[in-house]
Asks: 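Take a look at this one; I'll ask things after.
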Amino acid sequence: MRALATAVLALLTASTALAEQADLPTLLPAIQVESAGISSPVEETMNPADRLRPARDVTELLRELTGFSSGRLGGAGGEPALRGLTGSRLPVVVDGVAQDAVCNHRMDAPTAGLSPDAFTSLILVRGPQTVRYGPSVAGVLSFARDDSAWQQAGARLSSQLTRGSWDRHDDSLTASVGDGRFGLAVDAQSSSQDDYRDGEGRAVFARYWRRSHSARAGFALDNGLRLEIGGTRSNAQAAYPAFHMDATALAASESRMRLSHTLDTGWLRSMELLIYERATDHAMDDYSLRPVNSTLTDFAFLTIRQTDRLDMIQRWRSSGSRLSATLLPAERVELSLGYDQRNDLNDGYNVRRAETCLTFKVFPFTQTCAANRRADPFYDLEWQRRGYWSELRWQATDVAALIVGLRRDRQENQARGLFDFASGSVPQPGAHSTITESLQNRFARIEAQLDDTLTGFVAAAHSERPADFIERASFSGFLLPRERAQQLDAGLRWQQHTWRALLNVFAARHNGFILTEGGTRAYPIRAWRQGGEAMLGWQATPQLQLSSQLAWVHADNLSERQALAQTPPPELRLTVNYERTSWGGWAALRFVKRQDRIHANHGNTTGLDLGPTPGFGTLDVSVWWMPEARLRVALGIDNLFDRAYSEHLSRTGTFAPPGFVSQLRVPEPGRSAWLSLKLALD
């Protein structure tokens, strides 16, 4: 096995970055193995459903992209971080609707409940380089489903089944039918897995199941007018080694209506109206999926058994609308304008159950049990948000363009109830008060074609983010001021013959950066972040592609002269892909450096620094075969050498009241095999 590792390493280090893939003469799209396509200097696009390696959820998919890291919550769910920023600093948008976590633990990270097979488009914007979807600091993730059913006549069906270690089952089905004017599309996904074992063979409590389905109808009316009506429903249950509780229900529903109008002439080119409603109901407890621990006190004549149980019930209700338009006011000028508004309600309470049994050992033997149930309020918050935005692109010359964006938001936050977690009786700072915030976000970017092989950009941005629901409700931070950041970005992209390279760098200064301590307190600091991503690739032969990707972030807490907590270590990924007409193979070697720049017991809403994290290396391999145009079979092994390791951003697993973050890292799965079959009919 060591000889195999040496051979693979020698082959991989001869190269770096993934070149463009050769088109396959089949009905299945060309397989994207390593890197998303680069559609602009700050934007990457990809089709999540066509990745060779099947992912249980979107978080697992994002782990493969340069600059992303993730903290594991359990069997599948995780919290993605881009350039070390996560949570509400990295907005997630699905079909135009912003997604949020409803759980004050962030058990339900927005990406953890999304199946990649449900989407045909993922747009990743790195850095605060768009204002279309609200305040963003790290960037934006935007997912969209296929809408070809009401644009192209015909019927289409795609299905994928994956089976793997730890009784893994991932199934998905997407189908659509239309005549070019009317279309109907449906999709359904189901995913489950039992507890897994880490690289040392230790069982990890992490079983889960998740199901979701959606339906959409589209009507292509006359004169470029189109109406879409759709809805999505999902539910899940998960055992979490990362928390002191498990999710017994993660039920969500969403309905939306979209009306769009596209014009071929004139200065007004398109308009779109989106209206939506979303509801999420979340229940968790500490006894349904894990053993119940009772306290026994034994005396000579009496035994006392005390059994305590805790339920948490949390709800999120959101409704909103979005109006946008695209204009061509002058030659070489494109202007996008928009207005959006949201009304949100978040509420939660705790149900504490206690049973006390007294067993008397003296004659006559008797046992008496008494039960007690108490419901304690936790939080009741209301949000009203209104925002205006505009983005302009001016193609100043044939080789240079200027892109600018401006957004203004006004947000009103009302705490109708806000209490401590432990007793539900002590009002927290800001309880029964209302605060109003005005936010400004703006950026300017210059893109240039430097020569036939080289393009570049420079950008400056100012971003402002309000404290989110979790920071206000769970970290005594309702009165926290807005977070402000100034960031500079620059990048170069080079492609010549069989070589391809990409380099992005950034530097950011944060004022009022919200840092958490001990899982219960949040406060503002000044911070500095810098880093970047690099990719280099070589198309060695028409069949062989070699690539490497490097991501690095250095961050400091200037206020306390510490390293900024929850910063991921540098990471290098080396990839080789061999592709013939009907078969191929792929291998990825990942190296992560030791992280000893920490600020113990500090972090963010998704985790705390617990101590230095050792470096590690893993190898994933897979092969695929297409016996005919409509069928693809893939087989793979992740963590081939069965390494025992944990990610630095890993969540933790021990609970000590009143905190929400525990003290032991969640280990990653050991050697895992999977088999995937995908069928596409068109």
Side-chain angles (χ1 to χ4, degrees), residues 12-13 15-18 32-38 41-44 46 53 58-72 78-86 89-90 111 122 124-129 137-141 457 459 487-494 500-508 528-537 546-556 563-575 588-598 604 606-607 613-620 645-650 668:
L12 291 171
T13 52
S15 83
T16 52
L18 193 60
Q32 294 185 342
V33 179
E34 170 67 14
S35 167
I38 309 298
V42 298
E43 188 175 287
E44 298 180 33
M46 62 173 291
R53 179 185 177 187
V58 165
T59 303
E60 191 169 275
L61 171 72
L62 294 173
R63 285 186 174 200
E64 301 178 19
L65 303 184
T66 308
F68 273 94
S69 50
S70 171
R72 182 170 294 276
E79 187 78 54
L82 175 59
R83 294 174 169 177
L85 299 183
T86 184
R89 297 183 177 104
L90 180 62
T111 54
L122 163 59
L124 163 62
V125 180
R126 295 179 184 271
Q129 295 298 311
V137 183
V140 173
L141 290 166
F457 80 94
Q487 181 163 322
L488 296 176
D489 286 86
L492 291 172
R493 181 176 58 177
W494 173 76
R500 181 184 179 206
L502 180 69
L503 174 65
N504 291 327
V505 294
F506 73 92
W528 172 266
R529 298 170 47 252
Q530 62 187 17
E533 306 89 29
M535 295 187 288
L536 177 64
L546 302 168
S547 72
S548 70
Q549 300 176 327
L550 175 66
W552 166 75
V553 178
H554 180 96
D556 292 301
L564 185 63
Q566 289 290 276
T567 297
E571 177 176 325
L572 174 67
R573 184 185 296 267
L574 305 172
T575 306
L589 191 59
R590 178 176 174 236
F591 296 103
V592 178
K593 188 180 178 182
R594 171 184 172 87
Q595 179 58 290
D596 51 16
R597 299 194 73 254
I598 63 166
N604 49 48
T606 68
T613 307
F616 61 86
T618 63
L619 175 64
D620 301 333
Y645 70 101
S646 296
E647 302 286 350
H648 178 69
L649 300 187
S650 171
E668 292 294 309

Asks: Would you find a donor on one side and an acceptor on the other, under 3.5 Å apart, between the side chain of Thr59 and the backbone of Glu79?
Replies: no

Asks: Where do Phe506 and Gly532 come nearest, in terms of heavy atoms and distance?
Replies: CE2-N, 3.7 Å

Asks: Do Arg126 and Asp489 have side-chain heavy atoms sitting under 4.5 Å apart?
Replies: no

Asks: Taking side chain as C-beta onward, heavy atoms only, is Val505 less than 4.5 Å from Gln530?
Replies: no

Asks: Report yes if some heavy atom in the side chain of Leu574 is under 4.5 Å from a heavy atom in the side chain of Phe591; otherwise report no.
Replies: yes

Asks: Testing the basics here: between Gln487 and Arg83, what is the closest heavy-atom pair and its distance to 0.1 Å?
Replies: NE2-NH1, 3.8 Å

Asks: Locate the shortest heavy-atom distance separating Gln595 from Thr567; write the atom from each residue and the value.
Replies: NE2-O, 2.9 Å

Asks: How many angstroms lie between atom CG of Leu65 and atom CG of Leu82, to the nearest 0.5 angstrom?
Replies: 9.5 Å

Asks: Nearest 0.5 Å, please: how far is CE in Met46 from CG in Leu124?
Replies: 10.0 Å

Asks: Find out whether Thr618 and Glu668 are in side-chain contact, i.e. whether some heavy atom of one side chain is under 4.5 Å from a heavy atom of the other.
Replies: no

Asks: Working to the nearest 0.5 angstrom, can you tell me the gap between Ser69 OG and Leu85 CG?
Replies: 9.5 Å

Asks: Begin with the C-alpha distance, continue with both residues' side-chain angles, and end with the deciding distance and a verdict on side chain to side chain contact (heavy atoms under 4.5 Å, CB included) for Thr66 and Met535.
Replies: CA-CA 8 Å; Thr66 308; Met535 295 187 288; 3.8 Å; yes

Asks: I need the minimum non-hydrogen distance between Ala138 and Leu90, along with the two atoms involved.
Replies: CB-CD1, 4.2 Å

Asks: Using a strict 4.0 Å threshold on nitrogen-to-oxygen distance, state whether Arg493 and Glu44 make a salt bridge.
Replies: no

Asks: Which pair of non-hydrogen atoms, one from Ser646 and one from Phe616, has the smallest distance, and what is that distance?
Replies: O-CE2, 3.8 Å

Asks: If you apply the rule side chain to side chain contact (heavy atoms under 4.5 Å, CB included), what do you find for Val592 with His648, and how did you get there?
Replies: CA-CA 10 Å; Val592 178; His648 178 69; over 6 Å; no

Asks: Are Leu141 and Leu62 close enough, and set up right, to give a side chain to side chain contact (heavy atoms under 4.5 Å, CB included), and what steps lead you there?
Replies: CA-CA 10 Å; Leu141 290 166; Leu62 294 173; 3.6 Å; yes

Asks: What is the minimum heavy-atom distance between Glu571 and Phe68, and which atoms define it?
Replies: OE1-O, 4.3 Å

Asks: Roughly how far, to the nearest 0.5 Å, is NE2 of His554 from CZ of Arg597?
Replies: 4.0 Å

Asks: Between Arg63 and Asp620, does any side-chain N to carboxylate O distance fall below 4.0 Å?
Replies: no

Asks: Counting N and O atoms only, with roles assigned by atom type, does the side chain of Arg573 sit under 3.5 Å from a partner on the main chain of Ala551, one being a donor and the other an acceptor?
Replies: no

Asks: Checking Val58 against Leu122 for the side chain to side chain contact (heavy atoms under 4.5 Å, CB included) test, could you report, in this order, the C-alpha distance in whole Å, the side-chain angles of both residues, the deciding distance, and whether it holds?
Replies: CA-CA 10 Å; Val58 165; Leu122 163 59; 5.8 Å; no

